[in-house]
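Shown next, in structure tokens, is the structure this report addresses.
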Protein chains: 2
Amino acid sequence: MDRLDSMQLFVRVAELGSFAAVAQQMHVARSVVTRQVAGLEAHLGTKLLARSTRRLSLTSAGATYLEKCREILSLVDAAEGGLTEDSQAPRGHLRITLPFSFGIRQLMPMFGDFMKANPEISIELEFSDRRSNLIEGGFDLAIRIADRLDPGDVARKIGSSQSVVVAAPAYLKLHGRPKHPRDLIQHECFGYLLAARSSWSFVIDGETQWFPIGGKLDANSGDALLAAAIQGLGITKAPTFIAEEAVRERKLEILLRKFPTPELGIYAIFPSNRYVPHRVRVLVEYLAQRIGSQPRWDAILKLRAE
Amino acid sequence: MDRLDSMQLFVRVAELGSFAAVAQQMHVARSVVTRQVAGLEAHLGTKLLARSTRRLSLTSAGATYLEKCREILSLVDAAEGGLTEDSQAPRGHLRITLPFSFGIRQLMPMFGDFMKANPEISIELEFSDRRSNLIEGGFDLAIRIADRLDPGDVARKIGSSQSVVVAAPAYLKLHGRPKHPRDLIQHECFGYLLAARSSWSFVIDGETQWFPIGGKLDANSGDALLAAAIQGLGITKAPTFIAEEAVRERKLEILLRKFPTPELGIYAIFPSNRYVPHRVRVLVEYLAQRIGSQPRWDAILKLRAE
DNA sequence: TCTATTGTTGCATATTTTGCAATAATGATT
DNA sequence: AATCATTATTGCAAAATATGCAACAATAGA
């Protein structure tokens, strides 16, 4: 029994409060978790977890030990990372959570190139537009798009994106073209479920102002809304990294060009409770450099309307 | 591969500068040490030890890692000990170095009883009258007899012993009985090789004074000298725990009763570089209690000469 | 040059670990 | 109250891993 692995499992079990969840997260059989923890307990001669089939709770010994384990594991992480610090080729496994649209459209090619350049790296991607808890989820890294950071997050900004209000030419021909954000209430606008969905924000005179919108379609996928807009169903406000392709292909037109929207930040977020391994930092630096300070997707703002 | 075990082996290899020595000390095959360290190196992606078949030296990464390993291992020790701290039955392995005479005559029965009372304890004894380095030797504990502590030793006094000057009645009949330490120069006295061997110390008026001795037999075993004294070959100065039995059986007589000798301390010495496990502390307390403040062996000082 | 010892490797054998399936226990739901 | 779904645990066979031994190559000392 590898005591360090056992400790790792024990810590996760304590954090998630479930053997099964840990087993799933770590890609091992439930029995492994059971036996690893049992092995630890046998080794220590103490019960660590009081388990009733449905709920777990820490023994007092378990609570003490949990803290020590955390300390030890982070020390081990630091020790192992500290060596290969620079110059060494990054290696190991990366478990990343990231948003669907940005992840699939923009990040995937970067991951592909990164993996080609670093054959000793393996990557596990969990796409999700929810802000999953990094620690509970056992992730090494999260990529998030947001207009501001959650307080307490340990993050590195790796890029940004503007947003654009877009609609298909067919829609515009039928319903006219809004000239000012306050016109949006008269239009068929799509709300993004994970944000405020009944109004859109614009920056006017340096201040963020919210304007109510009209519309009957909400969804929790920017891609879906974009598809609807392309079909001519209405207007959507999308980050440039989503709208980019459709705008270039003239399937969508950018509206309200004179009213910029708040910039979205693209962040790499680290779990706050442990040492950031070398491989994580290397990947994040790579992404930041690939995205650059003037992201490709924002270039569509400069396209001349025909 | 258990990383903690590997780290332990690596640390020992670095300390002893030899794979073979570690293998012997830890009771495993040389190949195990090789592969464990190699495994660590593979895991880290760095060479830790530069090995030329005859001499080892740490890589710079190795040196860094060594320190971290020490820290981690002592933390693990502390974590594992800290739980079962009190009330729990001690368990695990004890590697002890101890002197021949005292160890065999006095300590063995105590160890026996201790093991009977603590069936989860296993003990490995390395008898030696040399002051072996606790850390290099990989011992959990050393028992030492000395009139004073080496500076820097982390020790607990677990008892004491007086010394007595003794000779067989046959010898005394032949050569007479010394009345004062200064008479010893005229007698056949045995020198203990591991101490100052040409003079003996006595406490007179509260001060330690040294008196030269005559004699032609030196040895590095108090038992051997005692045997020689019993044969009537001469006079020896022995700790009471060695002379006890022979004196009780009237095979030897105590001389110079009015001239006490410096008290010998019996010490338990701990390796200074790591946490003292529970089992070690329990054993030491047990020994201290068994020996007591008025050790049995010193009782022979009160026997009336016939 | 020879020798003794060291660290490494191939190989057959033990040992351990793993996942799957079955079991028993328990909280939630109907 | 009874059923249900899910949980942690265990038996078992297969897979993976570690072990010791012996042979080997390298090296410092005689």
Side-chain angles (χ1 to χ4, degrees), chain A residues 1-59 61-63 65-66 93 122 124 136-138, chain B residues 1-59 61-63 65-66 93 122 124 136-138:
Chain A
M1 171 198 49
D2 184 314
R3 299 226 288 306
L4 283 176
D5 286 347
S6 300
M7 285 159 80
Q8 182 71 261
L9 286 179
F10 164 64
V11 170
R12 294 225 130 112
V13 169
E15 281 170 354
L16 297 190
S18 155
F19 282 54
V22 172
Q24 189 179 346
Q25 194 178 92
M26 309 285 273
H27 309 298
V28 291
R30 285 200 302 278
S31 54
V32 171
V33 183
T34 294
R35 279 190 280 242
Q36 214 82 309
V37 173
L40 255 193
E41 293 179 327
H43 175 74
L44 297 169
T46 322
K47 274 252 166 298
L48 294 172
L49 292 163
R51 6 207 201 291
S52 82
T53 323
R54 207 63 172 199
R55 191 164 298 286
L56 297 180
S57 64
L58 282 164
T59 312
Y65 193 60
L66 176 63
H93 188 69
S122 62
E124 179 182 349
E136 283 183 9
Chain B
M1 169 198 51
D2 184 314
R3 303 226 287 305
L4 283 175
D5 287 347
S6 300
M7 285 160 79
Q8 182 70 262
L9 285 180
F10 165 64
V11 169
R12 294 227 131 111
V13 168
E15 281 170 353
L16 297 190
S18 154
F19 282 53
V22 172
Q24 190 178 347
Q25 196 178 88
M26 309 284 275
H27 310 298
V28 290
R30 283 201 302 279
S31 53
V32 171
V33 183
T34 294
R35 280 190 278 243
Q36 215 81 309
V37 173
L40 255 193
E41 292 179 326
H43 176 73
L44 297 169
T46 323
K47 276 250 166 304
L48 294 171
L49 293 163
R51 4 206 203 292
S52 81
T53 322
R54 208 64 174 197
R55 191 165 298 285
L56 297 180
S57 65
L58 281 165
T59 312
Y65 192 60
L66 176 63
H93 189 69
S122 61
E124 180 182 349
E136 282 183 12

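Everything numeric in this text was worked out from a predicted model, so none of it was measured. Order of the sequence lines sets the chain letters (A, B, ...), proteins ahead of strands, with each chain counted from 1.
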Checklist entry - So A:L16 and A:E136, side-chain contact (heavy atoms from CB on, under 4.5 Å) or not? Walk me through it. => result CA-CA 6 Å; A:L16 297 190; A:E136 283 183 9; 3.8 Å; yes

Checklist entry - Among the nucleotides D:dA8, C:dG19, D:dG20, which one has an atom lying closest to any side-chain atom of A:A29? => result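 Minimum distance to the A:A29 side chain belongs to C:dG19.
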
Next on the checklist: From C-beta outward on B:A20, which listed nucleotide comes closest to its side chain: D:dT9, C:dG7, C:dG19?
Outcome noted: C:dG7

Answer yes or no: is there a donor N or O on one side and an acceptor on the other, between the side chain of [X] and the main chain of [Y], under 3.5 Å?
X	Y	answer
A:S6	A:L40	no
A:S18	A:A20	yes
A:Q36	A:Q8	no

Heavy-atom distance under 4.5 Å between the side chains of [X] and [Y], does that happen here?
X	Y	result
A:V33	A:F10	no
A:L9	A:M26	yes
A:V37	A:F19	yes
A:M7	A:L4	yes

Checklist entry - So, is B:T34 close to the C:dT8 phosphate, meaning a side-chain N or O under 4.0 Å from OP1 or OP2? => result yes

[X] [atom1] to [N] [atom2]: how many Å, rounded?
X	N	atom1	atom2	result
A:L56	D:dT6	CG	P	17 Å
B:H27	D:dG20	NE2	P	12 Å
A:L48	D:dA8	CG	C1'	16 Å
B:D2	C:dT15	CG	P	18 Å
A:R51	D:dT10	CZ	C1'	13 Å
B:L49	C:dT8	CG	C1'	14 Å
B:H43	D:dA18	NE2	P	13 Å
B:Q36	C:dT9	CD	C1'	16 Å

Checklist entry - With nearest nucleotides of DNA chain C determined for A:M1 and A:S31 from heavy-atom distances, which residue corresponds to the more 5′ nucleotide? => result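 By nearest-heavy-atom nucleotide position, the 5'-most residue is A:M1.
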
Item to check | Any donor-acceptor N/O pair under 3.5 Å between C:dG19 base and A:R35 side chain | outcome: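 Between C:dG19 and A:R35, which were checked side chain against base, a qualifying N/O pair under 3.5 Å is present.
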
Checklist entry - For the helix from C:dT1-D:dA30 to C:dT30-D:dA1, how many degrees between its two end axes (five pairs per end), to the nearest 10°? => result 30°

Item to check | Atom CD of B:E124 with >12 non-hydrogen neighbours under 6.0 angstrom | outcome: yes

Item to check | Under 4.0 Å protein heavy-atom contact, by nucleotide of nucleotides 23-30 of chain D - B base, S sugar-phosphate only | outcome: ---BBS--

